[in-house]
Chemist: 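Below is the structure I would like to discuss, written out as structure tokens.
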Amino acid sequence: MQLQKIDIDWDIHKLIEAERKGFDEPQYVALRRLLNMPPPELRTEESPRPGSGIPWVEDGVKVPHGSVARMQYQRGKQRYEGKFFDGNLVIGDKAFGTLSAAANALAVTKGGGKTQLNGWNYWEAKFPGEAHWRSLKEMRDNVRDTSA
């Protein structure tokens, strides 16, 4: 399944958000439910087994293969979700080696232009088998504190 980005107005966004069963549920799944469409078929590569691939590593931070990722920009007006898969952050059908590359490829300014974001400030990860989200910036800060 290939995901496409579309522009929607605020009322539609609120309707989709109200339909979501949790932050972990992608918006397109809630929209499919609102449109009385069947749930999407999951491919095996979209649901990797924990620990079955290469972890993502940057600046001493190691995120296990199969971890879920999320980013919010402009106080939650823009939200992005993906997975850490075989050493990359994968969003839709695009793979990124760094958090900043992903953030800048996805987020847009209020005027619709390109951003220059430090991805560490925006991305969070939820490791396989865990229920809580981890700030990747805090993880990097902890690595730096322990190596100093």
Side-chain angles (χ1 to χ4, degrees), residues 1-56 58-59 61-142:
M1 170 183 7
Q2 182 176 357
L3 299 179
Q4 299 289 325
K5 181 178 176 183
I6 62 169
D7 293 322
I8 58 173
D9 66 27
W10 181 245
D11 291 331
I12 294 171
H13 171 74
K14 289 190 306 187
L15 184 66
I16 293 169
E17 289 302 309
E19 177 66 24
R20 286 174 73 190
K21 293 181 178 177
F23 193 82
D24 293 345
E25 181 179 64
Q27 286 110 345
Y28 73 90
V29 174
L31 181 58
R32 289 178 71 93
R33 211 170 27 254
L34 285 168
L35 295 171
N36 294 318
M37 295 176 67
E41 293 183 27
L42 295 178
R43 298 181 313 219
T44 57
E45 61 265 22
E46 290 180 356
S47 301
R49 288 191 337 254
S52 64
I54 302 167
W56 176 86
E58 185 179 355
D59 283 355
V61 174
K62 185 175 183 179
V63 178
H65 171 83
S67 297
V68 181
R70 73 178 179 189
M71 175 185 141
Q72 292 186 52
Y73 180 61
Q74 290 184 345
R75 298 183 180 158
K77 291 179 184 173
Q78 296 178 47
R79 295 179 184 194
Y80 304 97
E81 299 173 349
K83 285 200 175 191
F84 289 95
F85 188 82
D86 280 335
N88 290 295
L89 172 54
V90 179
I91 313 296
D93 62 351
K94 294 187 175 24
F96 302 95
T98 69
L99 301 174
S100 295
N104 290 313
L106 299 168
V108 294
T109 65
K110 290 180 184 176
K114 298 284 272 170
T115 59
Q116 288 297 316
L117 301 175
N118 178 345
W120 290 98
N121 295 328
Y122 297 93
W123 287 102
E124 297 178 299
K126 184 165 55 168
F127 290 6
E130 293 186 357
H132 69 281
W133 289 91
R134 299 170 184 237
S135 161
L136 292 169
K137 180 184 184 310
E138 288 176 12
M139 289 177 66
R140 183 179 66 169
D141 290 347
N142 289 339

Chemist: Would you compute the distance between atom CD of Gln78 and atom CD of Gln72 and round it to the nearest 0.5 angstrom?
Modeler: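 Nearest 0.5 Å value for the CD-CD distance: 11.0 Å.
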Chemist: Kindly compute the distance separating CE (Met71) from CG (Asn121), expressed to the nearest 0.5 Å.
Modeler: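 If I round to the nearest 0.5 Å, the distance is 10.0 Å.
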Chemist: Does Glu81 offer a backbone N or O that forms a donor-acceptor pair with the side chain of Arg70 under 3.5 Å?
Modeler: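 No; zero donor-acceptor contacts below 3.5 Å.
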Chemist: Using every non-hydrogen atom in the two residues, find where Pro55 and Lys62 come nearest and quote the distance to one decimal.
Modeler: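 Looking at all heavy atoms of both residues, the shortest contact is CG-CE, 3.5 Å.
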Chemist: Please give me the minimum heavy-atom distance between Gly119 and Ala103, naming the atom from each residue.
Modeler: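 Looking at all heavy atoms of both residues, the closest pair is CA-CB, 4.1 Å.
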Chemist: How long is the gap from NE2 on His13 to NZ on Lys77, to the nearest 0.5 Å?
Modeler: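 Atom-to-atom, His13:NE2 and Lys77:NZ are 10.0 Å apart.
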Chemist: On a heavy-atom basis, which atom in Gly87 and which in Trp56 lie closest, and how many Å separate them?
Modeler: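 Heavy-atom minimum between the residues: O-CD1, 3.4 Å.
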Chemist: For a quick test of reading the model, state the closest non-hydrogen atom pair linking Ala69 to Leu89 and the distance between them.
Modeler: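 In this case the closest contact between Ala69 and Leu89 is CB-CD1, 3.4 Å.
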Chemist: For the OH atom of Tyr80 and the CD1 atom of Ile91, what is their distance to the nearest 0.5 Å?
Modeler: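 These two atoms lie 10.5 Å from each other.
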Chemist: Would you confirm whether Trp123, through its side chain, and Leu99, through its main-chain N or O, come within 3.5 Å as a donor-acceptor pair?
Modeler: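 Yes; judged by distance alone, with no hydrogens or angles, the pair exists.
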Chemist: Indicate whether any N or O donor in one side chain lies under 3.5 Å from an N or O acceptor in the other, for Gln27 and Glu19.
Modeler: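 On atom types as modelled, these side chains do not qualify, holding no pair under 3.5 Å.
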Chemist: For Leu117 versus Tyr122, what's the shortest heavy-atom pair and its separation?
Modeler: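 Nearest heavy atoms, Leu117 then Tyr122: CD2-OH, 3.6 Å.
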Chemist: When you measure from the side chain of Asn118 to the backbone of Trp120, do you find a donor-acceptor pair of N or O atoms at a distance under 3.5 Å?
Modeler: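 Yes; at least one donor-acceptor contact below 3.5 Å.
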Chemist: Salt-bridge test for Glu17 and Arg20: reply yes if a basic N is under 4.0 Å from a carboxylate O, no otherwise.
Modeler: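 Yes, this pair counts.
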Chemist: Kindly compute the distance separating CG (Asp59) from CG (Leu136), expressed to the nearest 0.5 Å.
Modeler: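 Answer for the CG-CG pair, Asp59 versus Leu136, is 11.0 Å.
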Chemist: Closer than 3.5 angstrom, by distance alone: can the side chain of Asp9 be matched with the main-chain N or O of Asp11 as a donor-acceptor pair?
Modeler: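 It does hold such a pair.
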Chemist: Looking at Glu130, I want to see if its CD is surrounded by more than 12 non-hydrogen atoms of other residues, nucleotides or ligands under 6.0 Å.
Modeler: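 Atom CD in Glu130 is crowded, with more than 12 foreign heavy atoms closer than 6.0 Å.
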Chemist: Rounded to the nearest 0.5 Å, how far apart are NE2 of His132 and CD of Glu124?
Modeler: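 Atom-to-atom, His132:NE2 and Glu124:CD are 10.5 Å apart.
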Chemist: Compute the ring centroids of Phe85 and His65, then answer whether they are less than 6.0 Å apart.
Modeler: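 They qualify: ring centres under 6.0 Å apart.
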Chemist: I'd like to check Tyr73 versus Val108 (side-chain heavy atoms, cut-off strictly below 4.5 Å). Are they in contact?
Modeler: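 Side-chain contact under 4.5 Å: no.
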Chemist: Taking all atoms of both residues into account, what is the closest heavy-atom pair of Ile16 and Ile8, and its distance?
Modeler: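 Distance-wise, the nearest heavy atoms are CD1-CD1, 4.1 Å.
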